[in-house]
**Student:** 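Provided herewith is a single structure, encoded as structure tokens, for subsequent inquiry.
Sequence lines set the chain letters: A, B, ... in the order given, protein chains first and strands last, and positions in each chain run from 1.
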Amino acid sequence: MKREPLLAALGAFALIACAWAVPWLKFILTIALAKGIAVLGILLLLRAGQVSFGHSMFLALGAYTVAFMAPTEPEVLLLLPAAALVATGFGLVIGLFLVRYRDIFFGMLNLAFAMVLYSLLEKLYAITKGTDGIRVAGLTFAGTQPERPVQEWVMFGIALGLAILFGLLVSVYLASPMGRALAGIKTRETRLEFMGVPARRVLLFAYVLSALMGGVGGALVAMTTRHVTPQIAYWTASGELVFIAILGGAGSALGPFLGATAFELVRVYAAAAVAEAWQMILGAVLLVVILFAPGGVWGLLSRRWRA
Amino acid sequence: MTEAVTRRAALLGAGATAGSLLLAGGGAQAQGKPSELRVGITTFLSGSASVFGVPAKQMAELLFEEINKAGGIGGVPVRPFFVDEAPGTDHLVGEFRRLVQNEGVQIVFASISSGSCLACTPLSDEMKKTTLLWDCGTQRIFEEAPHPYAFRTQGYGTPEVLAPLLYLLKHKPDFRTLAVINQDYAWGRDSWELWKAGMDAMKPGVRVVAEMFPRFGATDYSTEVTRLLAARPDVILSTSWGGDLVTLLRQSAERRLFERSTFVLPIAEASMQILGRTMQPGHIIGARGDHWNNHPSPKDPARLKRFVDLYRSKYNEYPIYPCHHMAQAISAMQAAYAKAIAAKGGGWPNDQELANAFRGLTFDSPTSSITLREDGQGLEDQIVGLSSFNQQYPFAVPKDMILFPAAMVSTPVGQKSVDWLKSLKPDFLNQVPAPIAG
Amino acid sequence: MATWLSENSLLLGLALLDGLAYAALVFMVAVGLNLVFGVLRIVNVAHGSLFAIGAYTAASIGLFFASRGLPAWMGYVALVLAAVAVGAVLGPLIERLLLRRIYGHEDVLQLLVTFALFMILEDVQKLVWGVQPVSQDAPLRFLGTVDIPFGDDVIPFTAYQLFVLPGIALATLIALAWFLRRTLTGRVIVAVTTDKEAATAMGIDAARIMLLTFSFGAGLAALGGALASPTTALVPGIGAQTIVLSFAVVATAGLGQIEGAALTALMIGLGRSIAVYFAPEFEVVVPYLIMVAVLLVRPQGLFGVIETRRV
Amino acid sequence: MLELTGVSVDIAGIRVLRGVSLAVPPGGRVALIGRNGAGKTTTLRALMGLLPVREGQVTIDGREATAVPAHHRARLGIGYAPEERRLFGSFSVQENMLLPAQVLRLPAAETARRLEAVFTLLPELRDLAPRRAAGLSGGQGKMVALGRALMVGTRAVLLDEPFQGLAPALALRYAEALARLRQALPDVAILITESNPELLRPLVQATYVIERGEMAPV
């Protein structure tokens, strides 16, 4: 798909234009980009036919790393790698255990780990301030502490830059032999092993990479909303990430960003239109996508080109 | 302005709905009297805390309707924009921005949850948008940092815990053991910290036999009830509310825990209607304020009756305390606009002028009147009593009520609640007024 | 350890009684989910919503009976009616309109369809029953309490929690095991669980069995909710909490394993109540720790069979 | 007896059978030969109605049966033994064999007659009858799968790669069983797939070859 880079550039431009024209959307779009980065990880695992129904734990790890460290080290340029490192570390440890499992067990074990994390974040009140969460205040950007409007632009810019970076990374990875072996896990894992490709190692690498991106996404969410609560680790949050992956379409690294933008916008507009029944609207959108456009937004776009 | 609109519309090329939403905020910055007064209200519309959020929203709609029928505020009709707190803080802070930057609301009523309040108040500082904390109780808000644009139009955790504690010390001075069972979140933890500080200061030596913080929204308390039955504390404190409190009290009633221990329930009021006769008489109940249906001496009895009837006629239920808190915020908003408009000689106030009007404001609540202190905290009296049944209500209401003046049970400006409570002496009890008749 | 045990044996005894009642509730919800997964191969996220709707329906019927002055034992009829109604109406509706369209699709799509359904049902529930806690206690009151000796003291337990909940759970377990082993329909369900295609080749109408099983599973979820309704106050969001717990049970038990679900529910019930007494901080983590521990040792779940992987 | 005419089948949006045609006459023995992945199993599954047919038609006993639901094939007297034996592991061997008869609600006498006929044909099943299916060896399992297919297949049986993975001695026994089958039940048509054409030559009257989803010349 030669048009992918072109579309990515167009998309990035559209986002910038949107954020410029409608200031309050800048916040929504930053969140969407952050979640899109996390969903890239879901996409990797989906390639291997595995659904992580607990991926919000990596978002939470990233977000809480920022929340815990910010009072002593408010520098965004240090916090981001720190959050990525923590999430990657956990991803490696949990991944070593998880890659032995497939399908429902893989999904449910991810869910279990996420729920353990969620429960601990909620329970260990003395450390985490429980469900109230922790406020992230006074971040600095390369040593400066700009005014709020500038700061919002900086966060948006960082999110967009990282989104492009990780999007490229994932594209390259998926096209590499390692990335193509992922699809082998989905369809014919035993044959993969016959060919001498260690399936577990392939999956582990993807899992750790997905954890890293989850951590970065979570850190961005924390820096943008500047308040972190355990809710970010709850299973419905994980469900939303999978939702976004399918909404955007699993066919391209652009999918997660299309999905996340669509998701956040639908959520905001649904909440504005009918505050009591926004969940129902989101659910209905999801059903319509699955039943009538299983390729997601990306599928719709690429089908239009082919036509 | 028109150019800007075309630019935005052209850029986004969005559909009709999206377009209207994106452009809706256009007129907000205009000087002079706006065509409508937009009020952003964050409340729980889903999840377990919607037991508070939805009645409050319903009350707000009824009151706004009345206000608009009477010509609005300063001649401007009021229009609420409700936002659901349940999806989480990241969503809520986005919604706060949307309310201010896009919907162009002129004032925000923020939040039931303390977490939501803690997240929204700094935004009110940054965006210089007057924010009324209409229901959350955390003492941290004004004690940790000043918030020039935030005002709490009701009481808060410290008086709401201290008043029942004082009542207990008066009513059952010789208790020796106590157990606490609170919801596991800020209010549950904070209220216990406040209680413990006050109790240890005024009655040292009480043994705490169990400290339980079951998960927020827990659906079963049978194990906890068993443990309380086995531990036999003289007093059981629970600041729980909503479905959690209803479940706890029903299971306690069924298993005769009420016969073994005296309950202290600072937030019982909102659950009494649901519990009906299941609630047992003779236990200490509070209301996060003075707004009991059987308030013995409301400032204006006719107003309280009108208020209750307004809600009852529509929903066939008595209004619960979040309805009162919502009414207090609306009443404060009316009073502040009147004050600000008068100060400006009939002109419409800007953000700064509006905020100025709130400082030191006194406004009427359905039962009494409330004054906002210089730090933004409202002074709301507290009434605590013993649960009892009478002919008039099919649910428990307090008797032997004590009205605690807000100034007496609130932490003085500039002090931290826990430190202040620790500094109380047993003779503080002498200040407690005598029970009121009724 | 030994001294700790002797010091706390009385409390452990109480924890056992509490744990049994809780395990019974957990089992009732999880077993339906497990059955549905076994036959349809779909992780039904909306199972929690069916639990909640069953609970609300039972409470509504029970309160209606009470308002008509019907005797208290009719509260039990209300519980059963609610389960049957949800199973017979919502079950077929969901299976026919939604699930049928996605059989054989990727796992993730199947999961998300039920997730979408869950989101929709959460709001539907709120629109129908409102947000104030709903509760009925006729079934609880009808049987009263039983005093359990505790040292030189007694602890009152409700007969409902002591006998009715564990009794119904045990009866359900035995009846299900008998049904699946000894009746033709049951054996056909097992056949479809094991291998849908081979079963179809044997002349089994798998579509009908899936409809039947899903409705049956929905009924069990609703029954679980109905049984919980007398002891708890129903509020929005109870479905979301129930479902994660059920997931943990199903994965721990082994897919489609009824006895596994019973054993897991028992472990979770006891583990949780012991935690409430001795380490309340870990109460909520217990089910997941049990799950992780079990799957570490037995990756296919307690009673699970290793599936042959097709090349 | 069984006929495919120009049948095309898609799996996950990819065409895996393209215009496949073959015919099995009543009482006929027909082999379908092809490499792994050529489409043999897909052809049998299409015949059984387990996969939707995109183009072309399936005829059973001269009647159009393309849209007849898969589970009705058993009622029409067609038995199927899938490639991997796919028994119901928690049932005993006898229960495995009886299940289709019970599902079809055959009279008890007819069920007993069929079971006896299968036991006569495959004597080793009589000894295996009370064993749990999950505990059988690969070869035993294949025999049971054949027996189970015969309980239904009064008109035809479809056997998917029965020799795959069988030790030579077992393969010989299986082939003998098929030969006995031919004499004992001459009316039952058999369609059998295999990747090695030599194995089946003595057993069949006609051979079809499939390559990459299409029929190829023999």
Side-chain angles (χ1 to χ4, degrees), chain C residues 34-35 38-39 100-110 176-212 254-260 300-301 303-311, chain D residues 11-13 36-37 41 44-45 47-52 69-92 95-106 132-135 138 141 144-145 148-153 157-160 164-165:
Chain C
N34 210 343
L35 202 63
V39 174
R100 185 145 294 189
R101 294 159 171 266
I102 50 149
Y103 290 141
H105 284 49
E106 283 184 58
D107 291 358
V108 56
L109 293 184
Q110 301 184 341
L176 259 180
W178 175 82
F179 170 71
L180 291 176
R181 306 247 150 81
R182 299 274 168 260
T183 67
L184 180 59
T185 312
R187 298 161 64 78
V188 164
I189 289 178
V190 173
V192 175
T193 307
T194 320
D195 191 327
K196 186 175 145 201
E197 201 167 293
T200 306
M202 301 298 109
I204 294 170
D205 183 354
R208 198 179 67 90
I209 293 301
M210 287 160 100
L211 175 71
L212 194 76
L255 306 173
Q257 299 298 316
I258 307 297
E259 289 85 353
Q300 69 281 22
F303 284 53
V305 190
I306 299 174
E307 285 182 50
T308 46
R309 189 161 275 284
R310 248 157 254 144
V311 185
Chain D
I11 296 180
N36 264 343
T41 302
L44 293 195
R45 291 175 71 203
L47 253 175
M48 283 305 291
L50 295 167
L51 287 171
H71 62 274
H72 280 178
R73 299 292 204 273
R75 215 166 290 275
L76 297 174
I78 300 175
Y80 175 48
E83 179 178 353
E84 285 153 51
R85 52 215 169 99
R86 292 164 80 172
L87 302 175
F88 305 121
S90 61
F91 297 175
S92 72
E95 285 170 336
N96 260 289
M97 292 170 59
L98 286 179
L99 185 72
Q102 291 164 339
V103 171
L104 294 177
R105 302 199 183 276
L106 295 182
R132 243 171 78 104
V144 176
R148 192 175 62 174
L150 285 170
M151 287 297 289
V152 182
V157 284
L158 313 184
L159 308 175
D160 198 4
Q164 174 80 25

**Student:** In the structure I gave you, are the side-chain heavy atoms of D/L99 and C/I204 within less than 4.5 Å of one another anywhere?
**Tutor:**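 Yes, at least one pair of side-chain atoms sits under 4.5 Å.
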**Student:** Looking at chain D, which one of C/T194, C/D205, C/T193 has the largest number of heavy-atom pairs inside 4.5 Å, strictly under?
**Tutor:**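 Counting heavy-atom pairs under 4.5 Å, the top option is C/D205.
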**Student:** For C/A207, which atoms come within 4.5 Å of any heavy atom of chain D: side chain, backbone, both, or neither?
**Tutor:**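 No part of C/A207 comes within 4.5 Å of chain D.
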**Student:** Could you tell me if the side chain of C/R208 sits less than 4.5 Å from the side chain of D/H71, heavy atoms only?
**Tutor:**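 Answer no - side chains too far apart.
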**Student:** Please list, in residue-number order, every residue in residues 176-188 of chain C that has a heavy atom less than 4.5 Å from any heavy atom of chain D; write 'none' if there are none.
**Tutor:**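 Only C/L184, C/R187, C/V188 of residues 176-188 of chain C have a heavy atom under 4.5 Å from chain D.
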**Student:** As an exercise: rank D/N36, D/L50, D/L158 by heavy-atom pairs under 4.5 Å with chain C and give me the winner.
**Tutor:**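 It is D/L50.
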**Student:** Looking at every heavy atom in both D/P82 and D/D160, which two are closest together, and how far apart are they?
**Tutor:**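 Closest heavy-atom pair between D/P82 and D/D160: C-CB, 3.9 Å.
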**Student:** Between D/G79, D/A74, D/P69, who has the most heavy-atom pairs with chain C when the cutoff is under 4.5 Å?
**Tutor:**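 Option with the top pair count is D/A74.
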**Student:** Taking all non-hydrogen atoms of both residues, which atom of D/A149 and which atom of D/Y80 are closest, and how far apart?
**Tutor:**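 For D/A149 and D/Y80, the tightest heavy-atom pair comes out as CB-N, 3.7 Å.
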**Student:** Taking atom CZ of C/R100 as the centre, report whether more than 12 heavy atoms of other residues, nucleotides or ligands fall under 6.0 Å from it.
**Tutor:**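 Check passes, neighbour count above 12.
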**Student:** At their closest point, which heavy atom of C/G203 faces which heavy atom of D/V103, and how far apart are they?
**Tutor:**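 The pair with the smallest heavy-atom distance is O-CG1, 3.3 Å.
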**Student:** Within the side chain of C/N34, is there an N or O that forms a donor-acceptor pair under 3.5 Å with the backbone of C/I258?
**Tutor:**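 No, because the side chain of C/N34 does not come within donor-acceptor range (under 3.5 Å) of the backbone of C/I258.
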**Student:** Between D/Q102, D/R75, D/R73, D/M48, which residue shows the highest count of heavy-atom pairs closer than 4.5 Å to chain C?
**Tutor:**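 Of the options given, most contacts go to D/Q102.
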**Student:** At their closest point, which heavy atom of C/D195 faces which heavy atom of D/F88, and how far apart are they?
**Tutor:**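 Reported closest heavy-atom pair: O-CE2, 3.9 Å.
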